[in-house]
Asker: 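Submitted below is the structure of interest, expressed as structure tokens.
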Amino acid sequence: MRELIKPNTMIESGYINGYLNYTGSKFKLLDQILPEMDYSKDHFIDLFTGSFCVGANVVDKYKKVLANDIISELVGIHRELLESDDIIERTKILCPSKTDSAGFLNLRESFNREKSPEKLWALILSCNSNFMRFNKQFFFNQTFGKRTFNTNTQNKIDEFTKRVRPYKDKITFISKHFNEIKISKPCMVYIDPPYSNSEAGYSAYWGKEDDTKLYEYCKELDKNGSSFMMSGVLSHDGKSCLLLDKLIADGLKYKKLEFNYNKVSKSGKKDTTEIIIMNY
């Protein structure tokens, strides 16, 4: 039965945001998502980690945390920052100034020719809205945003590393297609895939066939006793999500998340229904 979760803004202040400005970040929904997690399992898997915002806020709740993302350079940023500040200094050197559009274009060309974590981070910090965007050839194609590394960036990094580094021995970052991650024993798996019925800059890495593969993956998780929670857009601008429809038809519990996307939308008013769906 569908149940509406009302946001609790008093809880949000205890959560930390990711240090990356990331399309699809769940920071503003953490007060609705995290209370619904299954904390009875020893291991937590963040299958599509993105900015690691969700994982960073549960590192103290599990014995082991595995965070995965198909974008290997993004994973590289997380992995290096977990260990030291070295990548920060390398990224600062690469960041063009707020007026250096030519420098941004040179950096983007350099990244697309020879990718590295620090180049990707420098691009994210200096591009339009600080959002990653890739074309179908997996080339970074976001435009210059007249931005650069600043005090606010450093503050976010400091908050993130202060929270996460004490737990670094229990955190593992990997970069694989989700289907390659084999789970042999019951875990808590959080699944926040690209939404095939909405647009995002990283959707170049997701095809319609992946919806079907993820549905089968969820069925396998259910069989081996794992708990999983999936975030997804049930409907967006009249488009439904076949993956979520199939899981709901299987009888899984789901809850609507309360958030007004029209406040942050730049493309006009859209009717968006976002949910979490659980097998426990």
Side-chain angles (χ1 to χ4, degrees), residues 1-7 22-38 45-51 53-54 68-71 129 131-136 138 177-179 181 188-223 226-280:
M1 182 176 66
R2 188 166 176 169
E3 178 184 343
L4 179 66
I5 303 175
K6 296 185 181 299
Y22 200 82
T23 306
S25 171
K26 293 298 178 287
F27 177 65
K28 293 183 181 299
L29 297 171
L30 289 178
D31 62 323
Q32 300 176 66
I33 291 174
L34 296 192
E36 302 299 320
M37 290 277 188
D38 179 3
I45 298 176
D46 197 350
L47 201 59
F48 300 86
T49 197
S51 66
C53 179
V54 172
N68 172 71
D69 201 281
I70 198 169
I71 304 175
S129 298
F131 285 154
M132 289 191 306
R133 192 178 71 187
F134 299 90
N135 62 22
K136 294 298 183 182
F138 309 111
H177 187 278
F178 71 87
N179 236 11
I181 300 175
M188 172 61 207
V189 186
Y190 176 64
I191 305 171
D192 185 29
Y195 300 163
S196 56
N197 57 343
S198 61
E199 295 182 1
Y202 45 75
S203 292
Y205 290 86
W206 190 262
K208 289 288 185 182
E209 68 280 0
D210 287 312
D211 278 335
T212 301
K213 291 177 182 177
L214 185 54
Y215 173 77
E216 296 299 332
Y217 192 87
C218 288
K219 301 303 284 184
E220 289 301 314
L221 290 176
D222 197 50
K223 285 180 184 178
S226 289
S227 297
F228 72 81
M229 174 194 288
M230 184 185 297
S231 299
V233 171
L234 187 61
S235 63
H236 173 72
D237 196 26
K239 299 176 184 176
S240 62
C241 177
L242 179 61
L243 169 61
L244 297 179
D245 286 344
K246 289 176 72 174
L247 290 172
I248 291 170
D250 288 342
L252 270 64
K253 180 177 71 173
Y254 71 103
K255 296 185 179 183
K256 182 181 177 182
L257 300 177
E258 184 83 354
F259 187 71
N260 186 355
Y261 283 91
N262 290 315
K263 288 184 178 180
V264 296
S265 174
K266 295 182 179 180
S267 56
K269 188 174 182 179
K270 305 286 186 181
D271 182 16
T272 300
T273 302
E274 186 162 10
I275 67 170
I276 49 175
I277 186 166
M278 296 151 281
N279 72 329
Y280 50 90

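Residue numbers start at 1 and run along the sequence shown.
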Asker: Are any side-chain N or O atoms of Tyr190 and backbone N or O atoms of Met37, one a donor and one an acceptor, separated by less than 3.5 Å?
Answerer: no

Asker: Any carboxylate oxygen within less than 4.0 angstrom of a Lys/Arg side-chain nitrogen, looking at Lys223 and Glu220?
Answerer: yes

Asker: Using the side chain to side chain contact (heavy atoms under 4.5 Å, CB included) rule, take Leu34 and Val54 through it: C-alpha gap first, then chi angles, then the decisive distance, then the call.
Answerer: CA-CA 8 Å; Leu34 296 192; Val54 172; 4.2 Å; yes

Asker: Looking at CG of Leu214 and CG of Leu247, how far apart are the two atoms once the value is rounded to the nearest 0.5 Å?
Answerer: 8.0 Å

Asker: Parallel, tilted or perpendicular: which describes the rings of Phe48 and Phe178, with under 30° parallel and over 60° perpendicular?
Answerer: tilted

Asker: Please step through side chain to side chain contact (heavy atoms under 4.5 Å, CB included) for the pair Leu242 and Asp211, ending with a clear verdict.
Answerer: CA-CA 8 Å; Leu242 179 61; Asp211 278 335; 5.7 Å; no

Asker: Do the non-hydrogen side-chain atoms of Ile33 and Ser231 ever get within less than 4.5 Å of each other?
Answerer: yes

Asker: Check whether any side-chain heavy atom of Ile276 lies under 4.5 Å from a side-chain heavy atom of Leu29, and answer yes or no.
Answerer: no

Asker: Please lay out, stage by stage, how Tyr254 and Met230 fare under the test side chain to side chain contact (heavy atoms under 4.5 Å, CB included).
Answerer: CA-CA 9 Å; Tyr254 71 103; Met230 184 185 297; over 6 Å; no

Asker: Using a 3.5 Å distance criterion without hydrogens, assess whether the side chain of Asn279 forms a donor-acceptor pair with backbone atoms of Ser226.
Answerer: yes

Asker: Going from CE on Met278 to CG on Asp38, what distance comes out if it is rounded to the nearest 0.5 angstrom?
Answerer: 11.0 Å

Asker: Please report the interatomic distance CG(Asp222) to SG(Cys218), rounded to the nearest 0.5 Å.
Answerer: 9.0 Å

Asker: Keeping the roles fixed (side chain from Asp69, backbone from Ile71), state whether a donor-acceptor pair exists under 3.5 Å.
Answerer: yes

Asker: Quick check: do Ile181 and Tyr217 have side-chain heavy atoms less than 4.5 Å from each other?
Answerer: yes

Asker: How about Tyr215 and Thr212: do any of their side-chain heavy atoms sit closer than 4.5 Å?
Answerer: no

Asker: In Å, rounded to the nearest 0.5 Å, how long is the span from CG of Asn68 to NE2 of His177?
Answerer: 10.0 Å

Asker: Taking atom CE of Met188 and atom CG of Asp46, what is their separation to the nearest 0.5 Å?
Answerer: 10.0 Å

Asker: Measure the OG-CG distance between Ser25 and Asp192 for me, rounded to the nearest 0.5 Å.
Answerer: 9.0 Å

Asker: Side-chain contact test, heavy atoms from C-beta onward, threshold under 4.5 Å: evaluate it for Cys53 versus Tyr22 and give yes or no.
Answerer: no

Asker: Would Leu234 and Ile248 satisfy side chain to side chain contact (heavy atoms under 4.5 Å, CB included), going step by step from the backbone distance to the final call?
Answerer: CA-CA 10 Å; Leu234 187 61; Ile248 291 170; 3.7 Å; yes

